[in-house]
There are 2 protein chains.
Amino acid sequence: MAAATNSTRQNIRQTAERLFRDRGYAATGMRELAKEVGIEAPSIYNHYKSKDDLLREICIDIAGQFFKAFEAIDKNEKSPTKKLRSAIKGHIAVIGNNLEASSVFFHEWMFLEEPHLTKFKKMRFEYEQNFRDIIDKGIKKGELRNINTKLVTFTIFSALNATYDLYLYKSKEKISKDEIADGMADLLLKGLKN
Amino acid sequence: MAAATNSTRQNIRQTAERLFRDRGYAATGMRELAKEVGIEAPSIYNHYKSKDDLLREICIDIAGQFFKAFEAIDKNEKSPTKKLRSAIKGHIAVIGNNLEASSVFFHEWMFLEEPHLTKFKKMRFEYEQNFRDIIDKGIKKGELRNINTKLVTFTIFSALNATYDLYLYKSKEKISKDEIADGMADLLLKGLKN
DNA sequence: TTGCGAAACAAACAAGTGTTAGTTAAGCAT
DNA sequence: ATGCTTAACTAACACTTGTTTGTTTCGCAA
């Protein structure tokens, strides 16, 4: 029995996010997914066209959230440094609010079928370009020291995109969402500043 | 034993590294692997006990390289800051010299079967603990500013462990191994210093 | 030359893959 | 009550999965 508040579709979606994250997309079977939802495998196809369709919905949804968060930040005119800090924190917040889905987004996008795969790559490049632009402007204005923009953008995203993993620590010293966002933004910006 | 068999064995190993990286462990079939090597699938079992055996060999080999690189650095007594810089550069060097295998190491280890999975996790924790210890000592000595060690270690490894991806850029602005190692070490250490 | 071990092969196995077909039961508007 | 829609089910299809078996081929040591 599913909880009354959750529709079967939502249930499938959430379970898929969890299984795709824990076992990987390719290693997760439709029967396994169905079993965890509490239905039979073919019933999934009443809600989703295919396995790929599920993955697509998860990935596209997260991509949309990243764009939306950035746009909200980009509108407020600020210095590149402040803008970058906000963008970093916004990015981490999206991950923090979608722990399972964002992990799937980062690790399983490669299994998207065309044409979605190409579209996905394009969207990601565009998004990262936004960060690159801010950094370039920061260097031009002298707020940031002059280092390889590509390497820096890469380093930033590598650190940010792994934060979902930080929440999995079950040890006593648990780090809060704000600690993660602030601490990481501080560390990276201090490394960048002139 | 026989030297002649090594060629095929090495061939299987290298091809597996490439395929596991490009398509993922679970999504790579033994027939597909065999085809790229130029043999039939059952012939692989003359050289490897199982698919998991292949993955294990790849992962354990890389783990050993990380440990070896660190030990060589740890012996020379240096300040925590200098030691951390060397360890970072050593870590990146191992990745740079094993692009495909290290990518498999980072992304596909979850498919290891027991007891290798448990052993793997333990080794990784030990290795990361080495870095944590250096950072703690650096804070104690006042060389590094006092920030959450866990968050810092996490951020460092997230950045380092993604560097294999940097080499895949085919664009004009290619970054050299030294640029990556020095640039990333500078960025991270500047963010950490007091 | 004989014999042995290494390494290749084709054929097959049991289990599992995503997905479709056909059917049935329940809820709802007319 | 009737018909329509939704969503569940069982059964099955057409492949693919990792792996085993049994056999053959080949190069080398005795």
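Here is how names work: the chains are called A, B, and so on, in the same order as the sequence lines, proteins then strands, and each is numbered from 1. Just so it is clear, the structure is predicted and the values come from calculations on it, not from any experiment.
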Protein-nucleotide distance (A:Y48, atom OH; C:dG18, atom C1'), rounded to Å: 17 Å
When you check the gap from the basic side-chain N to the acidic O, do B:R18 and B:E100 get nearer than 4.0 Å? no
Does anything in residues 84-97 of chain A pair up under side-chain hydrogen bond (donor to acceptor under 3.5 Å, both in side chains), and if so which pairs, sequence neighbours excluded? A:K78-A:S86, A:R85-A:D186, A:K89-A:D182, A:H91-A:Y127, A:H91-A:N161, A:N97-A:K177
Name every donor-acceptor pair, under 3.5 Å, that has one atom in a side chain of residues 59-68 of chain A and the other anywhere in the protein, sequence neighbours excluded.
from  : atom 1 : to    : atom 2 : distance (Å)
A:D61 : OD2    : A:R13 : NH2    : 2.9
A:Q65 : OE1    : A:N98 : ND2    : 3.0
A:Q65 : NE2    : A:N98 : OD1    : 3.2

Salt-bridge test for A:E179 and B:K150: reply yes if a basic N is under 4.0 Å from a carboxylate O, no otherwise. no
Sugar-phosphate or base contact per nucleotide [nucleotides 6-22 of chain D; S, B, -; heavy atom under 4.0 Å]: -BBBBBB----BBBB--
Would you please indicate if the ring centroids of B:F111 and B:H116 are separated by under 6.0 Å? no
